[in-house]
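Throughout, protein chains are lettered first and strands after them, A, B, ... in sequence-line order, and every chain is numbered starting at 1.
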2 protein chains.
Amino acid sequence: MADARAILAGYRASIDNIDAALIHMLAERFRCTKAVGVLKAEHGLPPADPAREQQQIARLRQLANDAHLDPDFAEKFLNFVVREVIRHHEQIAAANGAAKAG
Amino acid sequence: MADARAILAGYRASIDNIDAALIHMLAERFRCTKAVGVLKAEHGLPPADPAREQQQIARLRQLANDAHLDPDFAEKFLNFVVREVIRHHEQIAAANGAAKAG
């Protein structure tokens with residue numbers, strides 16, 4: 001049992017390192033998508049791009065397959081992240097509208 | 001507008017690289033948590049550990065703050081991932097039960 005707890009502590013140290021990497025990757029991803037939101041708002045580009053989104057889903061499912069991650073989970077994960085991106089873009093658009101109105 | 005599209009393509013290349021990193025980090029995280037699930041099932045360790053979970057939430061919120069990521073999003077993300085971990089652990093427990101019954 002002492003051995004099992006030591007092994008568990010080892011796995012948890014890995015999980016903590018991976019979580020730190022995930023948080024920093026997500027922060028960087030949102031830095032990029034916020035910049036995209038500003039660019040689209042400034043240049044009147046359409047906020048949604050269904051063709052790009054379909055490509056992203058297909059690519060992430062393939063990457064997940066290769067990495068032995070459930071492709072359905074990868075797609076759910078992308079949808080989870082994209083919902084947050086849309087929230088940010090709505091905030092950017094609202095701030096832009098307020099700036100123009102102000 | 002041509003410039004805006006070139007800048008957009010650059011951001012998208014970064015987003016695609018980050019997504020590949022995220023998928024691989026998630027795959028590795030689930031490799032660890034599946035090993036934890038097997039370890040806990042084999043050694044009769046309790047599946048849930050509320051103290052550990054509280055530490056993880058507090059740590060991820062702090063990491064998110066430092067990385068300029070919304071801490072509420074970081075907590076939602078952890079919950080999203082943990083729901084998948086629980087699903088895997090239930091599968092492991094069911095497979096263990098089936099093996100013992102068989």
(request) Measure distances from B:Asp49 to the heavy atoms of chain A and classify the residue's part below 4.5 Å as side chain, backbone, both or neither. (result) side chain

(request) To the nearest 0.5 Å, tell me how far A:Met25 CE sits from A:Ile18 CD1. (result) 13.0 Å

(request) Could you check which of B:Ser14, B:Ala35, B:Gly10 has the highest count of heavy-atom pairs closer than 4.5 Å to chain A? (result) B:Ala35

(request) Could you check which of A:Arg52, A:Arg87, A:Lys76, A:Arg59 has the highest count of heavy-atom pairs closer than 4.5 Å to chain B? (result) A:Arg52

(message) Is there a path of hydrophobic side-chain contacts, each under 4.5 Å between heavy atoms, that joins A:Val82 and B:Ile15?
(response) no

(message) Would you say the ring centers of B:Phe80 and B:Phe73 fall short of 6.0 Å from each other?
(response) no

(request) For chain B, find which of A:Asn17, A:Asp66, A:Leu26, A:Asp70 contributes the most heavy-atom pairs closer than 4.5 angstrom. (result) A:Leu26

(message) Under a 4.5 Å cutoff for heavy-atom pairs, which residue among A:Val36, A:Asp16, A:Leu60 has the most contacts with chain B?
(response) A:Asp16

(message) Shorter than 4.5 Å, heavy atoms on both sides: which option in B:Arg29, B:Glu42, B:Arg12 has the most such pairs with chain A?
(response) B:Arg12

(message) Please report the interatomic distance CD(B:Glu84) to CG(A:Asp72), rounded to the nearest 0.5 Å.
(response) 9.0 Å

(request) Would you mind checking which part of A:Lys40 comes under 4.5 Å of any heavy atom in chain B, side chain (CB onward), backbone (N, CA, C, O), both or neither? (result) side chain

(message) For A:Thr33, is there any backbone N or O sitting under 3.5 Å from a side-chain donor or acceptor partner on A:His89?
(response) yes

(message) Less than 4.5 Å to any heavy atom of chain B: does that hold for the side chain of A:Arg31, its backbone, both, or neither?
(response) neither

(request) Nearest 0.5 Å please: distance from the CG atom of A:Leu8 over to the CG atom of A:Asp3. (result) 12.0 Å

(request) Check whether A:Ile7 gets within reach of chain B through its side chain, its backbone, both or neither, counting any heavy atom under 4.5 Å. (result) both

(request) To the nearest 0.5 angstrom, please state how far the CZ atom of B:Arg61 sits from the CG atom of B:Leu63. (result) 12.0 Å

(request) Check each atom of B:Gln56 against the heavy atoms of chain A and say whether the ones under 4.5 Å are side chain, backbone, both or neither. (result) side chain

